[in-house]
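Remember, it's 1-based here, ligands and their atoms both numbered in the order they're listed. Quick note: numbers below take in every heavy atom, side chains included, and nothing from hydrogens, waters or symmetry partners.
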Amino acid sequence: MELLKHCMLCPRKCGVNRYETVGACGATNQIRLAYYHLHQWEEPVLSGEKGSGTIFFSHCNLKCIYCQNKKISIDGYGKIISNKKLGEIMLKLQEEGAHNINLVTPTHYVPNIASVLRKTKDKTLTIPVVYNTSSYESIGTLMMMNRLVDIYLADLRYFDDQLGVNYSGCKDYFENATMAIDEMYRQVGSCEFDESGLMKKGLIVRVLILPGHLDDSKKIIKYLYQTYGDDIFISIMNQYTPVNHCLYENLNRKLTEKEYDEVIQYALELGVTNAFIQEEGTQEESFIPHFDKSIL
Ligand code: SF4
C-alpha cells in the first residue's frame with residue numbers, strides 16, 4: 001500500500017515508511033488487533049439487544065495520557081492479522097448477531113480497512129459499519145471511507161487547544177477534529193433509524209467530560225448544537241475512569257454526579273434534545289474490555 005510508504009494519514013503527518021519503521025501512532029503497515037466481541041455498552045441505538053460488533057485496533061494516533069485503553073492504544077497490545085482475517089472477523093460478528101461492525105480507533109489502518117470493506121460492504125457484509133474515532137483525522141483519509149461507513153461515532157475531546165497539548169501532545173486538535181466532523185456529516189447526513197430503533201446511518205459525537213474541565217465540555221456542546229442542531233446526536237459521557245496516574249491531579253479522580261448534572265443542565269438549557277446521557281456507575285474498570293488477543 002503506497003500510502004503507508006510515506007504515511008500522512010492523520011494530522012501528525014509523520015511521513016514515515018511504515019513498512020520499515022513506525023510513526024507517532026506506533027502502527028506498522030500490518031493491522032494489529034487487540035480484541036473483538038459483541039459490545040453491550042455503546043449508545044443504545046448501536047448496542048441494541050445483541051450488541052455492537054466491536055473490533056479494537058491496537059495503537060492510536062492521539063494517545064491521550066488518561067486513556068482507559070492504554071494497554072492497546074499506547075502499549076500496543078495485540079496480534080498482527082491479515083486484511084483477509086479482518087474481513088472474516090467482520091462476517092463472524094455479523095453471523096453472531098451483531099447489529100453493526102464497530103471499528104474502534106481505525107484511523108491508522110484506513111487503507112487496509114477500506115480495502116477489506118470495498119470487497120464486502122453491501123455484498124456479504126450487510127449490517128452498518130461504524131467508524132469510532134478520536135476525530136484527530138485528516139480529510140483525505142476520511143474520504144477513503146466515503147460510502148463504506150454508515151455511522152460515525154466521533155469524539156470531540158477539547159475545545160481549548162492547550163488541553164490537547166497537555167493531554168494528547170497535539171496543538172491543533174480542535175481545528176482538525178471539527179473539520180473532520182464536518183466531513184463525516186457531509187458523508188452520512190442526518191440520522192436514520194430502523195423500525196426497532198437501531199441507528200442505520202448518521203453521526204453521534206461523544207463529549208467525554210474531564211474532571212475539572214466542565215467549561216470546555218460546555219463550549220463543545222454549544223459548538224455542536226449551534227453547528228448541527230438536531231441533525232446529529234450528542235453523547236454526553238460521565239464515564240471518565242482514572243486508570244493511569246497522571247501529572248495533572250484533576251485527571252486522577254472520577255467526575256462527580258454534581259459536575260455531570262451541571263453539564264446536562266447546560267445542554268438542556270441550550271435546547272439540546274438529541275442527546276444520550278449515562279447512568280451512574282459507568283466509571284468502573286469493569287466497563288473496560290478485557291483485551292485478549294488469544295481469540296485471534
Ligand atoms: S497514522 Fe501514524 S504514522 Fe501515519 S501520520 Fe498518523 S501518527 Fe503518523
Among all protein non-hydrogen atoms, which one is nearest to [atom], and what is the separation to 0.1 Å?
{"atom": "atom 8 (Fe) of ligand 1", "value": "Cys14 SG, 2.3 Å"}
{"atom": "atom 6 (Fe) of ligand 1", "value": "Cys10 SG, 2.3 Å"}
{"atom": "atom 4 (Fe) of ligand 1", "value": "Cys7 SG, 2.3 Å"}

Report task. Decide yes or no for Tyr36 and Lys92: does some side-chain heavy atom of the first lie under 4.5 Å from some side-chain heavy atom of the second? Result -> yes
Requested in this report: Any atoms of ligand 1 less than 4.0 Å from a non-hydrogen atom of Arg12? List them with their elements.
Outcome: 7 (S)
Query raised in the report: In ligand 1, which numbered atoms sit nearer than 4.0 Å to a non-hydrogen atom of His108?
Result: 1 (S)
Query raised in the report: N/O/S atom of Cys25 under 2.8 Å from atom 2 (Fe) of ligand 1, yes or no?
Result: yes
Query raised in the report: Is the His37-Tyr35 ring centre distance short of 6.0 angstrom?
Result: yes
Query raised in the report: Mind checking whether Tyr185 and Phe233 have ring centres under 6.0 Å apart?
Result: no
Requested in this report: Hey, can you tell me if Tyr136 and Tyr173 have their rings parallel, tilted or perpendicular (30° and 60° cut-offs)?
Outcome: parallel
Report task. Assess whether side-chain contact (heavy atoms from CB on, under 4.5 Å) is satisfied between Lys171 and Gln162, documenting all intermediate values. Result -> CA-CA 7 Å; Lys171 59 182 186 319; Gln162 190 57 47; over 6 Å; no
